[in-house]
Amino acid sequence: MRDNIVKTKSFDFAIQIVRLYQYLSHDKKEYTLSKQLLRSGTSIGAMVREAEHAESKLDFIHKFAIAQKEANETIYWLELLKATDYLNEKEYENMVNDATSILKLITSIIKTTKSQIIPKKQ
């Protein structure tokens, strides 16, 4: 059985997000932005998990499209946290690189799946 890279990466990323949320809320006393980050950052992996048991290829694509949107939103919150000095450059770069990597994987999976179900025009 081969590893599900996007499942593993999104779960590991969710762990990083939870830890970052704990740091931001406990140490930095930042509650609003960090809560938004927590929701979007953990939702990525949740949607990937839901897609595992999709009812159809279209449902699979839909669930991955939601994960794609959540990954993009997470990058936004990370950018905002950096711009407001809640994250330093290194913290930001590490998190945004992981989020971007997951976003690229998800986008690739969506494109591949669409190409399997949508007939090509001759």
Side-chain angles (χ1 to χ4, degrees):
M1 186 166 135
R2 58 176 226 232
D3 290 336
N4 185 331
I5 294 170
V6 72
K7 181 178 170 181
T8 302
K9 282 189 175 217
S10 62
F11 184 79
D12 291 344
F13 185 71
I15 292 169
Q16 289 179 287
I17 290 292
V18 169
R19 290 187 178 142
L20 179 56
Y21 169 76
Q22 291 168 333
Y23 163 74
L24 290 169
S25 61
H26 184 265
D27 294 0
K28 298 283 190 168
K29 305 297 185 216
E30 197 303 305
Y31 304 104
T32 306
L33 300 177
S34 60
K35 188 69 150 189
Q36 292 288 82
L37 177 70
L38 179 67
R39 287 183 179 137
S40 65
T42 56
S43 182
I44 301 164
M47 293 312 300
V48 168
R49 288 284 178 101
E50 280 194 42
E52 281 186 309
H53 298 287
E55 296 174 12
S56 65
K57 289 265 189 192
L58 288 176
D59 187 38
F60 178 87
I61 291 168
H62 176 71
K63 288 179 181 3
F64 263 84
I66 294 170
Q68 183 182 47
K69 289 176 185 180
E70 295 293 344
N72 194 47
E73 181 182 340
T74 299
I75 292 168
Y76 170 80
W77 294 120
L78 290 168
E79 289 170 355
L80 190 55
L81 286 163
K82 169 147 181 347
T84 54
D85 298 321
Y86 283 105
L87 294 178
N88 65 38
E89 187 68 33
K90 185 178 180 187
E91 292 165 332
Y92 167 77
E93 286 296 327
N94 288 338
M95 294 298 292
V96 85
N97 286 342
D98 289 347
T100 302
S101 171
I102 292 167
L103 179 59
K104 287 178 181 179
L105 272 171
I106 289 169
T107 300
S108 177
I109 290 166
I110 291 170
K111 286 180 180 178
T112 300
T113 306
K114 281 183 177 180
S115 74
Q116 293 170 352
I117 62 170
I118 299 171
K120 294 180 180 166
K121 294 181 181 178
Q122 296 293 327

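A heavy-atom distance below 4.5 Å is found between the side chains of Phe11 and Arg49. Side-chain atoms of Glu52 and Asn4, non-hydrogen and from C-beta on, do get closer than 4.5 Å to each other. Residues Lys63 and Asp59 have side chains in contact (heavy-atom distance under 4.5 Å, counting atoms from C-beta outward). The side-chain heavy atoms of Leu78 and Tyr92, taken from C-beta on, include a pair separated by under 4.5 Å.
Residues Ile66 and Val6 do not share a hydrophobic cluster, clusters being chains of Ile/Leu/Val/Met/Phe/Trp/Tyr side chains in contact below 4.5 Å. The hydrophobic clustering, which links ILVMFWY residues whose side-chain heavy atoms are closer than 4.5 Å, places Val18 and Val48 together. No continuous path of hydrophobic side-chain contacts links Ile15 to Phe13 [ILVMFWY only; heavy atoms under 4.5 Å]. In this structure, Met47 is not a member of the same hydrophobic cluster as Leu37, with clusters built from ILVMFWY side-chain heavy atoms closer than 4.5 Å. Linking Ile, Leu, Val, Met, Phe, Trp and Tyr whenever their side-chain heavy atoms come within less than 4.5 Å puts Ile75 and Leu24 in one cluster.
At most 12 heavy atoms of other shown residues, nucleotides or ligands fall within 6.0 angstrom of atom CD1 in Ile5. The 12-atom threshold is not exceeded at NZ of Lys69, counting heavy atoms of other residues, nucleotides or ligands nearer than 6.0 Å.
For the residue pair Leu33 and Thr84, the shortest heavy atom distance occurs at CD1-OG1, 4.3 Å. Shortest non-hydrogen contact noted between Ile109 and Phe64 is CD1-CE2, 3.8 Å. When every heavy atom of Leu38 is checked against every heavy atom of Ile17, the shortest pair comes out as CA-CG2, 3.7 Å. Taking both residues in full, the closest heavy atoms of Ile44 and Ser10 are given as CG2-CB, 4.2 Å, listed atom of the first, atom of the second, then distance. Scanning both residues, Gly41 and Thr74, for their nearest heavy atoms gives N-OG1, 3.2 Å.
With Ser108 contributing its side chain and Lys104 its backbone, the two residues share no donor-acceptor pair below 3.5 Å. Under a 3.5 Å cut-off, the side chain of Asn72 and the backbone N or O of Gln68 do not form any donor-acceptor pair.
Distance check, rounded to the nearest 0.5 Å: OG1 of Thr100 to CD of Glu93 gives 9.0 Å. The line from NZ of Lys111 to NZ of Lys114 is 9.5 Å long, rounded to the nearest 0.5 Å. Note that CD of Gln36 and CD of Glu73 are 6.5 Å apart. Values are rounded to the nearest 0.5 Å. If you take CD1 on Ile102 and NZ on Lys7, they are separated by 14.5 Å, rounding to the nearest 0.5 Å. Here the CG atom belonging to Asp98 is positioned 12.5 Å from the CG atom belonging to Leu103, to the nearest 0.5 angstrom.
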(Q) Could you go through Leu20 and Leu87, starting from their C-alpha distance and side-chain angles, then the distance that decides it, and tell me whether this counts as side-chain contact (heavy atoms from CB on, under 4.5 Å)? (A) CA-CA 10 Å; Leu20 179 56; Leu87 294 178; 3.5 Å; yes

Q. Given the rule in the side-chain contact (heavy atoms from CB on, under 4.5 Å) test, do Gln16 and Arg19 qualify, once you have shown the distances and angles that lead to the verdict?
A. CA-CA 5 Å; Gln16 289 179 287; Arg19 290 187 178 142; 5.8 Å; no

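Under the salt bridge (Lys or Arg N to Asp or Glu O under 4.0 Å) criterion, Glu79 pairs with no residue, sequence neighbours left out.
Listed by first and then second residue, the side-chain hydrogen bond (donor to acceptor under 3.5 Å, both in side chains) pairs involving residues 20-31 are Glu30-Ser34 (not counting sequence neighbours).
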